2 protein chains.
Amino acid sequence: MPIKKQTIFDECSMCSQPEEMKIQMCSVCVTQKIIRGKWKIVIIWLLRDGEKRFSELQRNIPRINQSYLTHQLKELEYDGLLNRKAYNVIPPKVEYSLTQKGIDFIGVMEVMDNWGKQYILDFKNGNI
Amino acid sequence: MPIKKQTIFDECSMCSQPEEMKIQMCSVCVTQKIIRGKWKIVIIWLLRDGEKRFSELQRNIPRINQSYLTHQLKELEYDGLLNRKAYNVIPPKVEYSLTQKGIDFIGVMEVMDNWGKQYILDFKNGNI
DNA sequence: CTGAATCCGTTTCGATACTG
DNA sequence: CAGTATCGAAACGGATTCAG
(Lines give C-alpha, C1' and ligand atoms only; values in the text may rest on other atoms or scores of the structure.)
Protein backbone atom coordinates (compact mmCIF):
# COMPACT_ATOMS: atom_id res chain seq x y z
CA MET A 1 0.00 0.00 0.00
CA PRO A 2 2.16 2.86 -1.18
CA ILE A 3 1.25 6.33 0.03
CA LYS A 4 3.29 9.17 -1.33
CA LYS A 5 1.27 12.29 -0.73
CA GLN A 6 -2.17 13.50 0.19
CA THR A 7 -4.61 10.65 -0.18
CA ILE A 8 -7.68 12.80 -0.41
CA PHE A 9 -6.83 15.11 -3.22
CA ASP A 10 -6.89 12.79 -6.18
CA GLU A 11 -10.03 14.33 -7.51
CA CYS A 12 -13.41 15.36 -6.28
CA SER A 13 -16.34 13.45 -7.67
CA MET A 14 -17.89 16.56 -9.12
CA CYS A 15 -15.21 19.06 -9.95
CA SER A 16 -14.12 17.36 -13.13
CA GLN A 17 -17.58 17.92 -14.52
CA PRO A 18 -18.65 20.50 -17.10
CA GLU A 19 -19.15 23.96 -15.66
CA GLU A 20 -22.92 23.87 -15.48
CA MET A 21 -22.79 20.70 -13.43
CA LYS A 22 -20.08 21.71 -11.09
CA ILE A 23 -21.44 22.24 -7.65
CA GLN A 24 -19.55 23.49 -4.64
CA MET A 25 -18.79 20.04 -3.43
CA CYS A 26 -15.04 19.74 -3.54
CA SER A 27 -14.53 20.90 0.01
CA VAL A 28 -17.16 18.54 1.33
CA CYS A 29 -15.68 15.68 -0.69
CA VAL A 30 -12.23 16.39 0.69
CA THR A 31 -13.59 16.23 4.20
CA GLN A 32 -15.48 13.07 3.44
CA LYS A 33 -12.35 11.38 2.18
CA ILE A 34 -10.61 12.14 5.45
CA ILE A 35 -13.09 10.03 7.34
CA ARG A 36 -13.91 7.27 4.90
CA GLY A 37 -11.35 4.97 6.42
CA LYS A 38 -13.04 2.74 8.92
CA TRP A 39 -10.91 3.69 11.90
CA LYS A 40 -9.78 7.21 11.16
CA ILE A 41 -12.35 9.02 13.22
CA VAL A 42 -11.64 6.74 16.13
CA ILE A 43 -7.93 7.49 15.85
CA ILE A 44 -8.53 11.23 15.75
CA TRP A 45 -10.92 10.99 18.67
CA LEU A 46 -8.44 9.06 20.74
CA LEU A 47 -5.74 11.63 20.08
CA ARG A 48 -7.85 14.63 21.06
CA ASP A 49 -6.50 14.53 24.63
CA GLY A 50 -2.87 14.55 23.55
CA GLU A 51 -0.26 12.36 22.02
CA LYS A 52 -0.37 8.60 22.21
CA ARG A 53 2.02 5.84 21.35
CA PHE A 54 1.34 3.32 18.62
CA SER A 55 0.71 0.57 21.12
CA GLU A 56 -1.71 2.71 23.10
CA LEU A 57 -3.77 3.31 19.99
CA GLN A 58 -3.68 -0.35 19.20
CA ARG A 59 -4.84 -1.25 22.68
CA ASN A 60 -7.70 1.19 22.44
CA ILE A 61 -8.89 -0.02 19.05
CA PRO A 62 -8.96 -3.72 19.77
CA ARG A 63 -10.38 -4.97 16.51
CA ILE A 64 -7.99 -3.17 14.21
CA ASN A 65 -5.08 -5.16 12.93
CA GLN A 66 -1.61 -3.80 13.25
CA SER A 67 -0.71 -3.34 9.63
CA TYR A 68 -3.92 -1.54 8.89
CA LEU A 69 -3.45 0.77 11.84
CA THR A 70 -0.05 1.65 10.46
CA HIS A 71 -1.64 2.34 7.11
CA GLN A 72 -4.37 4.57 8.48
CA LEU A 73 -1.88 6.49 10.59
CA LYS A 74 0.33 7.02 7.58
CA GLU A 75 -2.55 8.37 5.54
CA LEU A 76 -3.60 10.74 8.30
CA GLU A 77 -0.02 11.89 8.60
CA TYR A 78 0.38 12.54 4.88
CA ASP A 79 -2.95 14.33 4.84
CA GLY A 80 -1.63 16.63 7.50
CA LEU A 81 -3.93 15.73 10.35
CA LEU A 82 -1.35 14.25 12.64
CA ASN A 83 2.31 14.36 13.58
CA ARG A 84 4.51 11.35 13.93
CA LYS A 85 7.42 11.62 16.31
CA ALA A 86 9.82 8.68 16.24
CA TYR A 87 12.41 8.28 18.97
CA ASN A 88 15.54 6.52 17.91
CA VAL A 89 15.60 4.01 20.72
CA ILE A 90 15.35 0.30 21.24
CA PRO A 91 12.70 -0.89 21.61
CA PRO A 92 11.19 1.62 19.18
CA LYS A 93 8.95 4.38 20.43
CA VAL A 94 6.66 6.44 18.24
CA GLU A 95 4.22 9.06 19.37
CA TYR A 96 1.31 10.41 17.40
CA SER A 97 -0.44 13.69 18.00
CA LEU A 98 -2.91 15.92 16.20
CA THR A 99 -1.74 18.83 14.10
CA GLN A 100 -3.68 22.10 14.23
CA LYS A 101 -5.65 20.83 11.27
CA GLY A 102 -6.43 17.68 13.18
CA ILE A 103 -7.50 19.66 16.20
CA ASP A 104 -9.79 21.74 14.03
CA PHE A 105 -11.32 18.55 12.76
CA ILE A 106 -12.59 17.73 16.22
CA GLY A 107 -15.11 20.51 15.61
CA VAL A 108 -16.46 18.65 12.60
CA MET A 109 -16.73 15.49 14.63
CA GLU A 110 -18.65 17.26 17.36
CA VAL A 111 -21.29 18.30 14.87
CA MET A 112 -21.40 14.74 13.57
CA ASP A 113 -21.75 13.61 17.15
CA ASN A 114 -24.75 15.87 17.73
CA TRP A 115 -26.54 14.81 14.59
CA GLY A 116 -25.82 11.16 15.30
CA LYS A 117 -27.07 11.40 18.88
CA GLN A 118 -30.36 12.84 17.73
CA TYR A 119 -30.58 10.22 15.00
CA ILE A 120 -30.07 7.40 17.46
CA LEU A 121 -32.64 8.93 19.79
CA ASP A 122 -35.23 9.21 17.05
CA PHE A 123 -34.46 5.68 15.98
CA LYS A 124 -35.02 4.32 19.46
CA ASN A 125 -38.30 6.17 19.69
CA GLY A 126 -39.41 4.58 16.46
CA ASN A 127 -39.41 7.83 14.54
CA ILE A 128 -37.21 6.56 11.76
CA MET B 1 -27.58 -5.74 -3.12
CA PRO B 2 -30.44 -6.36 -0.74
CA ILE B 3 -31.34 -3.61 1.68
CA LYS B 4 -33.99 -4.35 4.23
CA LYS B 5 -33.61 -1.73 6.90
CA GLN B 6 -31.22 0.85 8.24
CA THR B 7 -27.84 0.31 6.68
CA ILE B 8 -25.89 2.19 9.27
CA PHE B 9 -26.93 0.58 12.46
CA ASP B 10 -25.36 -2.85 12.18
CA GLU B 11 -22.87 -2.04 14.84
CA CYS B 12 -20.50 0.71 15.74
CA SER B 13 -16.83 -0.11 15.52
CA MET B 14 -16.32 0.61 19.19
CA CYS B 15 -19.51 -0.04 21.09
CA SER B 16 -19.14 -3.79 21.11
CA GLN B 17 -15.96 -3.38 23.09
CA PRO B 18 -15.43 -3.98 26.81
CA GLU B 19 -16.63 -1.14 28.98
CA GLU B 20 -13.25 0.41 29.66
CA MET B 21 -12.59 0.69 25.94
CA LYS B 22 -15.93 2.00 24.93
CA ILE B 23 -15.66 5.58 23.88
CA GLN B 24 -18.50 7.84 22.92
CA MET B 25 -18.11 7.09 19.28
CA CYS B 26 -21.32 5.41 18.23
CA SER B 27 -23.02 8.62 17.22
CA VAL B 28 -20.04 9.74 15.18
CA CYS B 29 -19.78 6.32 13.55
CA VAL B 30 -23.45 6.39 12.63
CA THR B 31 -22.97 9.74 10.97
CA GLN B 32 -19.88 8.52 9.19
CA LYS B 33 -21.73 5.57 7.76
CA ILE B 34 -24.32 7.89 6.26
CA ILE B 35 -21.72 9.51 4.09
CA ARG B 36 -19.38 6.66 3.29
CA GLY B 37 -21.13 5.96 0.02
CA LYS B 38 -19.33 7.76 -2.74
CA TRP B 39 -22.28 9.78 -4.00
CA LYS B 40 -24.47 10.19 -0.95
CA ILE B 41 -23.35 13.64 0.04
CA VAL B 42 -23.77 14.80 -3.53
CA ILE B 43 -27.31 13.44 -3.59
CA ILE B 44 -28.19 15.14 -0.32
CA TRP B 45 -26.62 18.35 -1.51
CA LEU B 46 -28.59 18.30 -4.75
CA LEU B 47 -31.84 17.76 -2.87
CA ARG B 48 -31.33 20.65 -0.47
CA ASP B 49 -33.32 23.00 -2.71
CA GLY B 50 -36.30 20.70 -2.93
CA GLU B 51 -37.47 17.49 -4.52
CA LYS B 52 -35.96 16.15 -7.69
CA ARG B 53 -36.83 13.35 -10.05
CA PHE B 54 -34.63 10.34 -10.54
CA SER B 55 -33.59 11.51 -13.98
CA GLU B 56 -32.68 14.96 -12.71
CA LEU B 57 -30.37 13.46 -10.14
CA GLN B 58 -28.87 11.26 -12.78
CA ARG B 59 -28.28 14.22 -15.06
CA ASN B 60 -26.61 16.15 -12.27
CA ILE B 61 -24.31 13.31 -11.26
CA PRO B 62 -23.00 12.38 -14.66
CA ARG B 63 -20.50 9.76 -13.65
CA ILE B 64 -22.78 7.67 -11.51
CA ASN B 65 -24.36 4.68 -13.12
CA GLN B 66 -28.05 4.13 -12.95
CA SER B 67 -28.20 1.01 -10.85
CA TYR B 68 -25.83 2.41 -8.30
CA LEU B 69 -27.81 5.62 -8.04
CA THR B 70 -30.86 3.51 -7.31
CA HIS B 71 -28.95 1.67 -4.66
CA GLN B 72 -27.66 4.79 -2.94
CA LEU B 73 -31.12 6.34 -3.00
CA LYS B 74 -32.60 3.23 -1.47
CA GLU B 75 -30.08 3.23 1.34
CA LEU B 76 -30.69 6.89 2.07
CA GLU B 77 -34.40 6.22 2.07
CA TYR B 78 -34.15 3.29 4.46
CA ASP B 79 -31.85 5.30 6.69
CA GLY B 80 -34.54 7.93 6.90
CA LEU B 81 -32.80 10.80 5.17
CA LEU B 82 -35.05 11.05 2.18
CA ASN B 83 -38.57 10.42 0.97
CA ARG B 84 -39.45 8.61 -2.17
CA LYS B 85 -42.71 9.52 -3.82
CA ALA B 86 -43.69 7.29 -6.72
CA TYR B 87 -46.48 8.36 -9.05
CA ASN B 88 -48.37 5.51 -10.60
CA VAL B 89 -48.09 6.72 -14.15
CA ILE B 90 -46.59 5.67 -17.42
CA PRO B 91 -43.86 6.51 -18.03
CA PRO B 92 -42.89 6.18 -14.36
CA LYS B 93 -42.23 9.25 -12.29
CA VAL B 94 -40.48 9.22 -8.94
CA GLU B 95 -39.57 12.21 -6.84
CA TYR B 96 -37.04 12.30 -4.06
CA SER B 97 -36.88 14.85 -1.27
CA LEU B 98 -35.13 15.26 2.05
CA THR B 99 -36.82 14.31 5.28
CA GLN B 100 -36.37 16.53 8.33
CA LYS B 101 -33.43 14.34 9.28
CA GLY B 102 -31.96 14.89 5.85
CA ILE B 103 -32.47 18.62 6.13
CA ASP B 104 -30.72 18.61 9.49
CA PHE B 105 -27.84 16.81 7.88
CA ILE B 106 -27.17 19.82 5.68
CA GLY B 107 -25.85 21.44 8.83
CA VAL B 108 -23.24 18.73 9.18
CA MET B 109 -22.25 19.19 5.58
CA GLU B 110 -21.83 22.92 6.05
CA VAL B 111 -19.32 22.33 8.80
CA MET B 112 -17.54 19.83 6.59
CA ASP B 113 -17.58 22.44 3.85
CA ASN B 114 -15.93 25.03 6.08
CA TRP B 115 -13.22 22.72 7.28
CA GLY B 116 -12.59 21.50 3.74
CA LYS B 117 -12.36 25.01 2.34
CA GLN B 118 -9.73 25.95 4.88
CA TYR B 119 -7.90 22.70 4.22
CA ILE B 120 -7.80 23.34 0.49
CA LEU B 121 -6.62 26.90 1.12
CA ASP B 122 -3.81 25.78 3.39
CA PHE B 123 -2.86 23.14 0.89
CA LYS B 124 -2.62 25.65 -1.93
CA ASN B 125 -0.48 27.88 0.24
CA GLY B 126 1.85 24.99 0.88
CA ASN B 127 1.00 24.77 4.55
CA ILE B 128 0.17 21.09 4.44
C1' DC C 1 -38.63 6.65 -17.06
C1' DT C 2 -37.23 4.12 -13.27
C1' DG C 3 -35.84 0.65 -12.05
C1' DA C 4 -33.92 -4.80 -11.29
C1' DA C 5 -30.46 -8.37 -12.23
C1' DT C 6 -26.07 -9.85 -13.33
C1' DC C 7 -21.27 -9.75 -13.94
C1' DC C 8 -16.83 -8.20 -12.77
C1' DG C 9 -12.80 -5.30 -11.57
C1' DT C 10 -11.05 -2.41 -7.67
C1' DT C 11 -10.51 -1.04 -3.07
C1' DT C 12 -10.85 -1.87 1.64
C1' DC C 13 -9.92 -4.42 5.35
C1' DG C 14 -8.55 -8.46 8.29
C1' DA C 15 -5.25 -12.53 9.47
C1' DT C 16 -0.93 -14.09 9.83
C1' DA C 17 3.93 -14.28 9.79
C1' DC C 18 8.27 -12.01 9.88
C1' DT C 19 12.00 -8.09 11.15
C1' DG C 20 15.31 -4.69 13.49
C1' DC D 1 7.71 -1.84 20.00
C1' DA D 2 6.54 -0.51 15.70
C1' DG D 3 6.57 -1.64 11.93
C1' DT D 4 6.65 -4.84 6.64
C1' DA D 5 5.07 -8.24 3.54
C1' DT D 6 1.79 -11.22 1.79
C1' DC D 7 -2.55 -13.36 1.25
C1' DG D 8 -7.44 -13.55 0.82
C1' DA D 9 -12.29 -12.26 1.95
C1' DA D 10 -15.65 -8.86 1.66
C1' DA D 11 -17.46 -4.48 0.39
C1' DC D 12 -17.74 -1.04 -3.07
C1' DG D 13 -18.78 0.62 -7.34
C1' DG D 14 -18.99 0.53 -12.68
C1' DA D 15 -20.91 -1.61 -17.17
C1' DT D 16 -24.32 -3.87 -19.37
C1' DT D 17 -28.66 -6.00 -20.21
C1' DC D 18 -33.45 -6.56 -19.46
C1' DA D 19 -38.39 -5.17 -17.86
C1' DG D 20 -42.90 -2.85 -16.73
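Just so you know, these numbers use all the heavy atoms, side chains as well, and skip hydrogens, waters and symmetry mates. Within every chain, numbering begins at 1; the chains are lettered A, B, ... in the order of the sequence lines, protein sequences first and strands thereafter. Please read these numbers as outputs of a predicted model, since none were measured by experiment.
Of the side-chain N and O atoms in A:W39, none sit less than 4.0 angstrom from OP1 or OP2 of C:dT12. Of the side-chain N and O atoms in B:R36, none sit less than 4.0 angstrom from OP1 or OP2 of C:dT11. Note on B:K74: every side-chain N or O is 4.0 Å or more away from OP1 and OP2 of C:dG3.
Nearer the 5' end of DNA chain C, as judged by each residue's closest nucleotide, is the contact made by A:G37, out of A:Q66 and A:G37.
Taking the side chain of B:Q72 as heavy atoms from C-beta on, and the options D:dA2, C:dT2, D:dG13, the nearest nucleotide is D:dG13. If you check D:dA15, C:dG14, C:dT2 against the side chain of B:S67, the one that comes closest is D:dA15. Comparing C:dC1, D:dG13, D:dA2 by their nearest atom to the side chain of B:R53 picks out C:dC1.
Backbone-only contact: B:P91 has heavy atoms under 4.0 Å from sugar-phosphate atoms and none from a base. Contacts of A:Y96 with the nucleic acid, taken as non-hydrogen atoms under 4.0 Å apart, involve only primed sugar atoms and P, OP1 or OP2. Among the heavy atoms of the strands, none lies under 4.0 Å from A:Q58.
In this structure a side-chain-to-backbone donor-acceptor pair under 3.5 Å is present from A:T99 to A:G80.
The separation between B:R63 atom CZ and D:dG14 atom C1' is 12 Å, rounded to whole Å. Regarding B:Y68, its OH atom lies at a distance of 7 Å from the P atom of D:dG14, rounded to whole Å. Taking atom NZ of A:K52 as the reference point, atom P of D:dA2 lies 14 Å away to the nearest angstrom. If you take CD1 of B:I41 and P of D:dG13, they are 12 Å apart, rounded to a whole angstrom. Following rounding to the nearest Å, B:N88 (CG) and C:dG3 (C1') show an atom-to-atom distance of 14 Å. For the pair A:N65 CG and D:dA9 C1', the interatomic distance rounds to 13 Å; values are reported in whole Å. A straight line from CD of B:E56 to P of C:dC1 spans 12 Å, rounded to a whole angstrom.
Proximity of A:N114 to B:V108: side-chain heavy atoms (C-beta onward) are nowhere separated by under 4.5 Å.
Side-chain atoms of B:N60 and B:E56 form no donor-acceptor pair, as typed in the model, at a separation below 3.5 Å. A side-chain donor from one of A:Q118 and A:D122 sits under 3.5 Å from a side-chain acceptor of the other.
When the local axes at the two ends of the helix from C:dC1-D:dG20 to C:dG20-D:dC1 are compared, using 5 base pairs at each end, they differ in direction by 40° after rounding to 10°.
Here CD1 of A:I106 is found 5.5 Å from CG of A:L98. Values are rounded to the nearest 0.5 Å.
When every heavy atom of A:Q72 is checked against every heavy atom of A:W39, the shortest pair comes out as OE1-N, 3.3 Å.
Ion pairing between A:K52 and A:E95 fails under the 4.0 Å rule for side-chain N and carboxylate O.
No donor-acceptor contact under 3.5 Å links the side chain of B:T70 to the base of C:dA4.
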